[in-house]
2 protein chains.
Amino acid sequence: MTSSPVYLRVFEEIKEKINCSELKPGDILPPESALCKQYGASRATVRNGLALLFNEGYIYSIPGKGNFVQSPQSNKYTVYYDEMSNMISSVDDTKLLEVDIISPEEYLANLLQMSKSKNVILIRRLFFNDGEPIAYDVKYLPYVKGMPIVEKEIEQATLPEMLSKDISPFAIKRHIRIQAQIPNEEMKKQLRIKEHLALLVVEQKLFDNDNKPIGYGITYFNGDYIKLEGRSQ
Amino acid sequence: MTSSPVYLRVFEEIKEKINCSELKPGDILPPESALCKQYGASRATVRNGLALLFNEGYIYSIPGKGNFVQSPQSNKYTVYYDEMSNMISSVDDTKLLEVDIISPEEYLANLLQMSKSKNVILIRRLFFNDGEPIAYDVKYLPYVKGMPIVEKEIEQATLPEMLSKDISPFAIKRHIRIQAQIPNEEMKKQLRIKEHLALLVVEQKLFDNDNKPIGYGITYFNGDYIKLEGRSQ
DNA sequence: CAGTGGTCTAGACCACAGC
DNA sequence: CTGTGGTCTAGACCACTGC
């Protein structure tokens, strides 16, 4: 016999009613007072169950009116991405092509929302799997005085990791942009591509809590070596 | 003057301590009883604030031990994808190339985890933007007796929408897989591609609550017309 | 054993919806 | 005005941890 907590029963039974369309998007739930009677529970317990429904996107509430069934977002996915490990083959070796401090050109200064008079750290790398080059990677970090640039640490680091010494990882907001491109001659050479092949290009942009850009990266994956996956919830 | 609820202050002040590394991953929080004293609040109020921290991935708890700071997942992104609307250009017109009921071949029966003796609905479409073909789209749905196939409704529907009449959208689990490919001759013809160009290929797989596949779709986007975006949180 | 978080109760007062 | 959800209190008992 399973005797789960009351608040879990509230959660699961209402969830089931929504799943089987007994309750439809926009419908109002019974008032919390009614649910208290129905489950013979206190209001705190009922609200505990409703909180779970809210967290999983099943309901929302309007103060003074009631709790309502949410319209499902059937276009929302959770994707796990980091340039070092992906679906088909993870990176088992890297090669530092270049580490430099440069003056940003117009487009880069714009991208990082910084003055052109400040400096930027440039990092270019190649990623390998089983001896094959599978990705070409470029990063730009606004240079901050005293920023520790240790080549050994840069070699294997993801973009968030490169910044984790200056800023708590919790305080970093991240964007990615995914697209498909044809390699240019430089890419073909670096990635040793002979035939026609597509690249999966992933841009990363990192921001601090004030939405100031603190890093930009672009990774060009040989299309044969990467698939990104996502799931609902 | 802002006088936010006590539980929000608990949430924000602890979040800030984590963001500025005063509390590091693995660190233990003060016991709830101590937080009650610190904020002059009841345990329910403190736990309300801790629940928010938990929901946003800042902390986890071990019964009998305490609440701990979570290691941040700096590789998790939320992506909004649906085959009809994407970053660069949305679909403003569609063309139904084929709607058919077919016997699945080996690979398809496997993909949909169904018997080869059952039937599958096949839907092939072209998506247009401003008169240009931007995507080629194929869907497979296991045929269920009495399934309503109304061409007018199929034309503009996303994969989840096609199934929403049989199953509540809440009860559908979704997977996507994203990759880059070179178009074959058929694709080039359909999408009127002349030069070299990359395709962004997005597979969708839908499951019911018992993890039984209920639909598969694959969409080949002209790489010039699509960018997918994701953000942390 | 004492201390922790997990669950739960039976109240309370508030701001806000709608009549 | 009554009814709703939002916030909050001051308790309680439990299972679990670590000593």
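All chains are named by letter (A, B, ...) in the order of the sequence lines, taking the proteins before the strands, and each is independently numbered beginning at 1. Side-chain atoms are counted along with the backbone in the values below, which use heavy atoms only and exclude waters and symmetry mates.
Relative orientation of the B:Tyr77 and A:Tyr81 rings is tilted, given thresholds of 30° and 60° on the angle between their planes. Between A:Tyr220 and A:Tyr136, the ring planes lie tilted relative to each other; the angle falls in the 30° to 60° range.
Protein atom CD1 of B:Ile28 is 8 Å distant from nucleotide atom C1' of C:dT4, rounded to whole Å. The interatomic distance linking A:Tyr39 (OH) with C:dT9 (P) rounds to 14 Å, in whole Å.
In this structure, A:Arg47 reaches the D:dG6 phosphate: one of its side-chain N or O atoms is under 4.0 Å from OP1 or OP2. In terms of phosphate contacts, B:Lys65 brings a side-chain nitrogen or oxygen within less than 4.0 Å of OP1 or OP2 of D:dG18. For the pair A:Asn67 and D:dG5, the criterion of a side-chain N or O lying under 4.0 Å from OP1 or OP2 is met.
Pairing analysis of DNA chain D (Watson-Crick: purine N1 to pyrimidine N3 plus N6-O4 or O6-N4; G-U wobble: N1-O2 and O6-N3; both under 3.5 Å) yields stems of 3 or more pairs at C:1-16 with D:3-18.
For the residue pair A:Thr158 and A:Asp82, no side-chain donor N or O sits within less than 3.5 Å of a side-chain acceptor on the partner. Looking at B:Asn19 and A:Ser168, their side chains never bring a donor and an acceptor atom within 3.5 Å of each other. For the 3.5 Å distance criterion, the side chains of B:Asn86 and B:Lys227 fail to qualify, holding no donor opposite an acceptor.
The side chain of B:Ser33 has C:dT4 as its nearest neighbour among D:dC8, C:dT4, D:dG18. Distances from the side chain of B:Tyr7 to the nucleotides D:dG5, C:dA10, D:dC8 place D:dC8 closest.
A 4.5 Å side-chain heavy-atom check between A:Glu229 and B:Glu203 finds every atom pair outside the cut-off.
As judged by a 4.0 angstrom heavy-atom cut-off over every strand, A:Gly40 is placed among residues touching the sugar-phosphate backbone only.
For the pairing with B:Arg125, the side-chain hydrogen bond (donor to acceptor under 3.5 Å, both in side chains) check across B:Thr94, B:Asp137, B:Thr219 returns one residue only, B:Asp137.
A heavy atom lying under 4.0 Å from DNA chain C marks none of the residues of residues 51-62 of chain A.
Taking the six-membered ring where the residue is Trp, the centroids of B:Phe170 and A:Tyr58 are separated by under 6.0 Å.
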